Amino acid sequence: MTFSLDPEAAEPLLQVAARNLERLRSVPELGARYADVEAPRTLAELAALPPLVKDELNTALAHLRPAAADSATWLFQSGGSTGAPKVGYAPTGFYMAGVHAHWQPLDRTDVFVNAWGAGRMWGAHFLAAALADLSGCQIIALGSVTQEEYPDWLAFFADRRVTAIGGTPSVLRLWFGHARAAGLKLPALRKVLWLGEAWQPQLADDMAEVAPQAERWGMFGSTETWVVGTNTPDCPADTFHTLPEQLVHADADQLLDFTTLNPAMLNPVLRYRTGDAGELTACPCGLPGRAMRVLGRRDSVVQVRGLGLHVDELVARAEREPGVRQAQVLVTQQGGRAASVELLLLADPAVDLAGLRRELFAATFTLATAFQHDPDSFRVRAVDALISNGRTGKTANSVVREVE
């Protein structure tokens with residue numbers, strides 16, 4: 001049993017967990033699983049509670065419809081890949097005051113480009129704006145950028161002496177990749193903020209060419225937990241210092257779960273599993289306390305242009321189609337970024353591949369959003385054999401292929 005906080009720090013705040021247990025117990029679909037569970041008073045009792053997964057949390061939120069006590073309540077798209085977006089909640093400010101108290105990558109002298117996507121019920125753009133507001137810096141907020149617009153925007157950044165930029169690593173790779181290909185430099189850029197995906201080592205190569213003074217500053221979290229931890233240029237990219245209002249637990253199988261200790265948190269985050277594996281360890285940066293090292297995903301989510309594609313859901317939907325015997329998702333990456341997604345099918349000749357593609361593209365939020373500018377990059381194709389492991393003979397639901 002390993003927690004990010006010692007009992008002396010965490011246990012006086014477990015009344016927040018007890019309150020969320022009562023909220024979850026009030027959800028008709030979840031009442032039975034929590035009926036005989038006592039409110040946790042110790043970390044050992046907390047570790048004995050059943051973990052909460054995404055579908056269960058979404059069921060709870062649909063019933064609870066939480067509202068902020070003294071501000072607006074923001075609704076965000078929260079995971080899922082088929083059907084309507086699932087909804088997550090946050091108050092104005094997005095809990096960033098607690099983050100800013102412990103992590104201050106920006107200051108009043110910065111000119112910050114917020115390159116996370118805005119609108120469409122996404123949270124990261126607004127979360128980063130709240131952090132910038134607390135920092136008192138200048139902000140350049142961007143929306144969607146087309147291929148043709150990169151040179152003009154990059155020239156504008158250089159002219160304005162932009163000192164910081166933030167986005168998902170896949171979006172940042174586009175910015176730095178375009179700048180490097182065009183031979184453009186951003187000499188004033190010193191800080192690169194990131195959230196939403198694992199750090200991509202290729203980014204460091206492009207940063208060294210485009211902005212030699214720039215260093216990475218990372219956040220880890222989800223739309224359900226919001227920001228759990230942060231790191232600095234002195235920390236490994238996969239290691240985060242957890243916030244005092246976030247309690248992280250790693251079980252014997254290295255699955256991470258998260259419990260909020262923040263009484264203002266709208267989502268009832270109680271042993272919530274994001275699908276990430278990890279461990280609690282000392283960070284080489286030397287800061288005291290346990291840090292969270294993220295080892296990767298252990299669920300069926302693959303990253304497609306900064307969004308999570310739930311492979312098992314997509315495969316299950318395809319295999320419900322009459323005449324489809326088996327399905328597999330093939331993600332083709334170029335330079336660490338998803339260039340295309342193919343749904344490979346073992347199917348009878350009579351299966352309407354074009355019709356199935358139209359239905360899946362329209363109904364799958366991740367695909368429709370990630371490929372809105374190049375929809376032909378999602379294809380449905382019948383094959384004679386799926387891709388399997390030649391050594392074990394196993395056929396996975398998803399395969400990621402890197403091309404030059």
Side-chain angles (χ1 to χ4, degrees), residues 1-26 34 37-54 56-57 60-61 64 66-71 73 78 88-103 123 127 130-131 134 195 219-231 239-251 255-274 276 278-281 283 287-294:
M1 181 179 72
T2 308
F3 283 92
S4 57
L5 296 174
D6 291 327
E8 295 78 12
E11 288 177 354
L13 301 175
L14 287 183
Q15 68 267 21
V16 177
R19 185 200 68 174
N20 281 329
L21 175 62
E22 290 304 313
R23 295 169 71 196
L24 291 168
R25 208 195 306 268
S26 73
Y34 292 112
V37 174
E38 296 292 332
R41 293 165 298 175
T42 66
L43 292 184
E45 291 174 353
L46 178 66
L49 295 181
L52 190 69
V53 297
K54 183 182 289 288
E56 293 164 343
L57 180 58
L61 290 172
L64 296 170
D70 55 8
S71 66
T73 302
S78 173
Y89 297 79
T92 300
F94 317 106
Y95 316 105
M96 292 307 287
V99 177
H100 183 256
H102 295 274
W103 186 72
L127 175 152
L131 176 69
L134 290 165
L195 168 71
M219 292 177 279
F220 176 91
S222 70
T223 315
E224 297 80 29
T225 63
W226 296 88
V227 175
V228 170
T230 59
N231 65 24
T239 303
F240 301 84
H241 296 272
T242 58
L243 302 171
E245 61 199 35
Q246 299 275 10
L247 182 61
V248 183
H249 170 246
D251 69 10
L255 278 173
L256 297 174
D257 61 73
F258 306 89
T259 296
T260 183
L261 301 177
N262 182 355
M265 174 72 77
L266 299 185
N267 296 340
V269 177
L270 181 64
R271 290 210 62 205
Y272 177 68
R273 284 183 174 169
T274 58
D276 292 287
E279 61 184 0
L280 295 162
T281 184
C283 181
L287 282 178
R290 300 182 192 95
M292 174 184 65
R293 181 171 176 243
V294 180

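Numbers here are sequence positions counted from 1. All values below were derived from every heavy atom in this structure, side-chain atoms included, with hydrogens, water molecules and symmetry-related copies excluded. What you see is a predicted model, and the numbers here were worked out from it, not measured in a lab.
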Within the 4.5 Å heavy-atom criterion, are V227 and W103 side-chain neighbours or not?
no
Side chains of V53 and E56, heavy atoms from C-beta outward: is any pair under 4.5 Å?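 Side chain of V53 against side chain of E56, heavy atoms only: contact under 4.5 Å found.
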Not counting sequence neighbours, which residues clear side-chain contact (heavy atoms from CB on, under 4.5 Å) with [X]? List them please.
| X | answer |
| --- | --- |
| R25 | L21, E22, Y34 |
| A90 | F76, F94, Y95, W226 |
| L64 | R23, S26, V27, A60, P66, P268 |

Contacts of E245 meeting salt bridge (charged side-chain N to carboxylate O under 4.0 Å, His left out) (sequence neighbours excluded), chain-then-number -> none
Next item on the list: Tell me, please, which residues at least two apart from R19 pass salt bridge (charged side-chain N to carboxylate O under 4.0 Å, His left out).
Entry: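 Checked R19 against salt bridge (charged side-chain N to carboxylate O under 4.0 Å, His left out); zero matches.
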* Pairs in or reaching into residues 89-98: which pass salt bridge (Lys or Arg N to Asp or Glu O under 4.0 Å), with residues at least two apart or in two chains? ->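 Matches after skipping sequence neighbours: none remain.
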How many angstroms lie between [atom1] in [X] and [atom2] in [Y], if you round to the nearest 0.5 Å?
| X | Y | atom1 | atom2 | answer |
| --- | --- | --- | --- | --- |
| N20 | N267 | CG | CG | 9.0 Å |
| M96 | L131 | CE | CG | 4.5 Å |
| L255 | T274 | CG | OG1 | 9.0 Å |

Of all residues at least two apart in sequence or in a different chain, which pass the side-chain hydrogen bond (donor to acceptor under 3.5 Å, both in side chains) check with [X]?
| X | result |
| --- | --- |
| S222 | E224, T225 |
| R293 | D238, E279 |
| T92 | W74 |
| N231 | none |

Please report the closest heavy-atom contact between [X] and [Y], naming both atoms and the distance.
| X | Y | answer |
| --- | --- | --- |
| G221 | L195 | N-CD1, 3.9 Å |
| C283 | A291 | CB-CB, 3.9 Å |
| L46 | A17 | CD1-CB, 4.4 Å |

Donor-acceptor pair, side chain of E45 and main chain of R41, under 3.5 angstrom
yes
- Judged by atom type as modelled, is there a donor-acceptor pair below 3.5 Å linking the side chain of T73 to the main-chain atoms of A68? yes
* Asked: Could you walk me through whether V294 and F240 pass the side chain to side chain contact (heavy atoms under 4.5 Å, CB included) check?
  -> CA-CA 8 Å; V294 180; F240 301 84; 4.1 Å; yes
### Task
Please test L243 against H102 for side chain to side chain contact (heavy atoms under 4.5 Å, CB included), starting from the C-alpha separation and ending with a verdict.
CA-CA 8 Å; L243 302 171; H102 295 274; 4.2 Å; yes
Distance-only donor-acceptor pairs under 3.5 Å for side chains of residues 258-266, two or more places apart:
residue: T259; atom: OG1; partner: R271; partner atom: N; Å: 2.9
residue: T260; atom: OG1; partner: N262; partner atom: N; Å: 3.1
residue: N262; atom: OD1; partner: A264; partner atom: N; Å: 2.9

Could you pull out every donor-acceptor pair under 3.5 Å between side chains of residues 4-14 and any protein atom, sequence neighbours left out?
residue: S4; atom: OG; partner: V248; partner atom: N; Å: 3.0
residue: D6; atom: OD1; partner: R290; partner atom: NH1; Å: 3.1
residue: D6; atom: OD1; partner: R290; partner atom: NH2; Å: 2.9
residue: E11; atom: OE2; partner: L43; partner atom: N; Å: 3.0

